Colleague: 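Have a look at the structure that comes next, please.
Throughout, protein chains are lettered first and strands after them, A, B, ... in sequence-line order, and every chain is numbered starting at 1. As the structure is a computational prediction, the values presented were derived from the model and not from experiment.
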There are 2 protein chains.
Amino acid sequence: MATIQDIADLANVSKATVSRVLNNSSLVTTQKRIAVEDAMNELNFQPNVMAQSLAGGRSMTIGVLTQNFGSPFYDSVSQGVIDGLSDTGYSPIFADGQWKQNTEREVIGTLVGRKVDGLILIGGDVPVSKLNELRDQLPTIVVARELDDWENQCIHVDNVDAGYRATKHLIDFGHREIALIHGIRNHPDAVQRFEGYSKALADAGIELNSNLVYSGDFSAQSGVLAVNSLLAQSTHFSAVFAANDMVAFGARLALHRHGIRVPEDVSIIGFDDQAEAAFMTPPLTTMRQPAVEMGMASAAALVKLIDGESYELPRLPIELQRRESVARLR
Amino acid sequence: MATIQDIADLANVSKATVSRVLNNSSLVTTQKRIAVEDAMNELNFQPNVMAQSLAGGRSMTIGVLTQNFGSPFYDSVSQGVIDGLSDTGYSPIFADGQWKQNTEREVIGTLVGRKVDGLILIGGDVPVSKLNELRDQLPTIVVARELDDWENQCIHVDNVDAGYRATKHLIDFGHREIALIHGIRNHPDAVQRFEGYSKALADAGIELNSNLVYSGDFSAQSGVLAVNSLLAQSTHFSAVFAANDMVAFGARLALHRHGIRVPEDVSIIGFDDQAEAAFMTPPLTTMRQPAVEMGMASAAALVKLIDGESYELPRLPIELQRRESVARLR
DNA sequence: AACCGACTTGAAAGCGTTTTCAGTTACCCC
DNA sequence: GGGGTAACTGAAAACGCTTTCAAGTCGGTT
């Protein structure tokens with residue numbers, strides 16, 4: 001592996017000059033610049049990022065903390081981060097916080113130890129106080145989590161409003177007995193969506209029936225369990241608001257097993273709009289989260305933040321994606 | 001940020017000793033060891049990985065080349081890699097080759113520049129000659145790609161056999177008019193599955209009808225397009241072998257749109273067994289690829305390879321996952 | 001002809017670790 | 001008590017790069 005010294009020798013200049021053309025940090029005569037570039041090509045030179053980082057302070061890597069690899073929403077955000085970082089010279093390095101404070105604390109530690117130039121935190125439970133410390137130490141952007149006092153380093157989305165609108169959509173279609181399959185108990189997204197649900201019901205003058213709200217964990221399996229329980233007890237319902245699309249898939253299947261038609265007998269609305277949702281039978285009406293866009297936006301913002309440039313965070317809406325799993329109540 | 005020197009001062013020892021307890025590379029008296037450990041805790045010491053890498057040669061980082069972030073199979077393999085690497089001290093760093101030779105070449109370059117200790121290559125098109133070079137330079141494991149002469153650094157799966165068995169399953173259930181929705185034209189997995197399909201047909205004495213094979217690109221949309229075309233031309237078919245589960249979802253929806261029942265009228269078999277497959281209506285019969293396991297195995301193997309220990313690569317089978325989308329032809 | 005400023009350039013000092021090499025110590029044995 | 005050995009320890013040299021600082025070059029001025 002060629003080093004800066006090798007190419008300096010070959011080009012008959014000093015290491016310093018090589019470094020200068022590498023970063024074009026200051027003027028170098030065209031003649032030497034070309035000699036250096038030729039030498040680099042000839043030796044197939046790849047700067048050692050570790051050494052650069054040690055000497056210069058920048059590692060050109062971004063630490064990304066995500067939650068539960070394999071869950072569609074967080075994966076999409078991560079994907080957006082990757083996209084957004086390509087062609088910036090920065091590479092992302094991922095760690096999984098698993099929605100556990102301790103794990104998160106730990107992996108953030110290893111990220112910091114790797115001297116990342118910036119941090120993107122997707123979701124998670126890290127207490128705000130720790131976050132505030134972190135932000136003083138390192139450019140940080142938080143995604144998919146609402147934080148007071150972080151206006152400009154926080155990309156999130158209004159889950160209570162979205163929960164409200166999802167429920168409202170059902171109500172507008174004549175439904176009044178709307179089951180809610182809750183996500184993980186204390187998960188902020190889940191509780192906010194539930195809050196929106198409650199509010200929409202209240203605004204429509206419908207009393208919240210606790211027999212219609214089932215707890216789950218964002219998995220498809222929890223969707224089938226919930227529907228089975230709902231059906232076993234005999235509270236009638238004409239619509240289901242699922243915590244996310246996976247839950248909706250499970251619910252839809254359970255309904256199918258009982259010979260209940262969607263949307264003729266029961267309507268379903270999901271949340272996320274993951275790729276498969278459009279191909280459910282029937283295609284799933286769902287609240288589309290701009291996951292990839294959030295990731296891209298956070299990457300773009302972080303790069304600006306690191307470079308000390310100004311930037312503006314986009315306002316990303318959650319949009320109702322109307323498809324065919326919701327029908328007017330007859 | 002505390003350095004090794006700070007803690008050396010605090011503990012009244014030399015940097016060398018601190019380094020020794022850090023790596024417990026040689027004996028240190030308990031007394032000093034404790035002093036050092038206390039100092040580390042007190043100053044909340046995090047070794048600078050960059051410096052370690054530069055000095056010691058190991059970066060504790062693994063480069064992972066994947067293809068098209070967002071595609072279920074590759075994502076699952078990646079996830080397996082992450083899982084398999086946790087608790088090993090190594091962190092993965094991802095790059096997307098996008099199934100393009102140039103991109104792959106380029107990103108492998110940046111990975112190497114980051115001084116990764118090893119490489120996991122998932123799929124991809126890099127020519128074998130280049131791969132052979134790479135392997136001399138760096139511990140490398142290739143996943144999901146079949147390579148001669150790489151027996152012990154290559155984890156793959158028998159796609160032609162799986163294609164054969166999928167088709168055979170349909171044939172065993174009485175189907176003889178079996179449509180095949182092909183994956184991306186020259187994608188090795190796709191052509192191998194097609195090869196298995198052809199062979200199964202031949203073995204059963206069924207002539208391959210080219211009107212029944214449709215080209216696609218592994219996307220759900222290509223599944224609906226294929227079914228629509230199939231239906232438009234009037235070649236009859238009683239079963240569909242989809243390039244992967246996404247394609248199967250698309251095909252299933254298209255059939256539904258035409259009022260064709262699955263599996264009563266047409267059977268569908270998919271490939272991958274992604275999470276959503278079990279919740280399709282009806283649940284999708286599919287060839288389960290051990291994607292996560294492949295990722296985990298490759299991570300485990302790579303760590304051994306780096307450490308110069310011996311290891312054995314597991315033989316991972318593709319298994320028929322029988323569910324309800326395939327029925328006996330009546 | 002001496003001088004000045006604007007450009008270029010190279011030497012050398014780090015950056016935070018690991019690792020080699022040469023001591024020190026302490027201990028055991030004859 | 002001297003000598004040999006084993007167990008520890010510290011100084012210093014890398015690792016490959018960036019950056020500061022001083023020096024050199026050149027053309028144009030006065």
Colleague: Can you tell me the distance, in whole Å, between the CD atom of B:Gln5 and the C1' atom of D:dA12?
Modeller: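 Taking CD of B:Gln5 and C1' of D:dA12, I get 13 Å after rounding.
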Colleague: From the list C:dT17, C:dT9, D:dT18, which nucleotide is the closest neighbour of the side chain of B:Phe45?
Modeller: C:dT17
Colleague: Among C:dT17, D:dT18, C:dG10, which is the nearest nucleotide to the side chain of A:Leu22?
Modeller: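 For the A:Leu22 side chain, the nearest candidate turns out to be D:dT18.
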Colleague: Figure out the NZ/P separation between B:Lys15 and D:dC8, and round it to whole Å.
Modeller: 23 Å
Colleague: Could you give the CG-to-P distance, from A:Leu43 to D:dG16, as a whole number of Å?
Modeller: 14 Å
Colleague: Rounded to the Å, how far apart are A:Asp6 CG and D:dC15 P?
Modeller: 11 Å
Colleague: Just the rounded figure in Å: distance from C1' of D:dT19 to CG of A:Asn24.
Modeller: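 One finds 16 Å between C1' of D:dT19 and CG of A:Asn24, rounded.
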Colleague: Whole Å only: how far is the CG atom of B:Leu54 from the P atom of C:dT19?
Modeller: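 Going from B:Leu54 (CG) to C:dT19 (P), I get 12 Å.
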Colleague: Return the 5'-most residue of the pair B:Val28, B:Lys115 with respect to DNA chain D, ranking by each residue's nearest nucleotide.
Modeller: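 Between the two, 5'-proximity favours B:Val28.
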Colleague: Return yes if some donor-acceptor pair links the side-chain N/O of B:Asp6 with the main-chain N/O of B:Thr3 below 3.5 Å, else return no.
Modeller: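 Checked: pair present.
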Colleague: At 4.0 Å (heavy atoms only), tell me whether B:Val13 reaches a base, stays on the sugar-phosphate, or touches nothing.
Modeller: sugar-phosphate
Colleague: For a side-chain contact (heavy atoms from CB on, under 4.5 Å) with A:Ile120, tell me which candidate from A:Ser298, A:Ser78, A:Pro92 qualifies.
Modeller: A:Ser298
Colleague: What contact category does B:Lys32 fall into here, base, sugar-phosphate, or nothing, at under 4.0 angstrom with non-hydrogen atoms?
Modeller: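 It contacts sugar-phosphate atoms only.
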Colleague: Reckon B:Thr29 has a side-chain N or O less than 4.0 Å from the OP1 or OP2 of D:dA7?
Modeller: no
Colleague: Is it true that atom CG of A:Asp87 has more than 12 heavy atoms of other residues, nucleotides or ligands lying nearer than 6.0 Å?
Modeller: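 Atom CG in A:Asp87 is not crowded, with 12 or fewer foreign heavy atoms closer than 6.0 Å.
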Colleague: In terms of the nearest nucleotide of DNA chain D, which residue is placed more toward the 5' end: B:Leu27 or A:Ser25?
Modeller: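 Looking at DNA chain D, the more 5' nearest nucleotide goes with B:Leu27.
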Colleague: In whole Å, I'd like the distance from the CZ atom of A:Arg58 to the P atom of C:dG16.
Modeller: 16 Å
Colleague: Under 4.0 Å from OP1 or OP2 of D:dT18: is there any side-chain N or O of A:Ser19 that close?
Modeller: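 Yes, because at least one side-chain N or O of A:Ser19 sits under 4.0 Å from OP1 or OP2 of D:dT18.
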Colleague: Do you know which of A:Ile306, A:Leu305, A:Asp307 makes side-chain contact (heavy atoms from CB on, under 4.5 Å) with A:Val303?
Modeller: A:Asp307
Colleague: Rounded to the nearest Å, what distance is computed from the CD atom of residue B:Gln52 to the C1' atom of nucleotide C:dT18?
Modeller: 9 Å
Colleague: Take B:Arg20 and B:Ala51, find for each the nucleotide of DNA chain C with the closest heavy atom, and name the residue whose nucleotide sits nearer the 5' end.
Modeller: B:Ala51
Colleague: Is there a side-chain polar atom (N or O) of B:Asn23 under 4.0 Å from OP1 or OP2 of C:dT18?
Modeller: yes
Colleague: Indicate whether any N or O donor in one side chain lies under 3.5 Å from an N or O acceptor in the other, for B:Arg114 and A:Thr61.
Modeller: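 Looking only at side-chain atoms, A:Thr61 and B:Arg114 do not form any donor-acceptor pair under 3.5 Å.
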Colleague: Tell me what B:Val18 touches on the nucleic acid: a base, only sugar-phosphate, or nothing, going by heavy atoms under 4.0 Å.
Modeller: nothing
Colleague: NA contact type, B:Thr17, heavy-atom cut-off 4.0 Å: base, sugar-phosphate, or nothing?
Modeller: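 Here B:Thr17 touches the backbone only, sparing every base.
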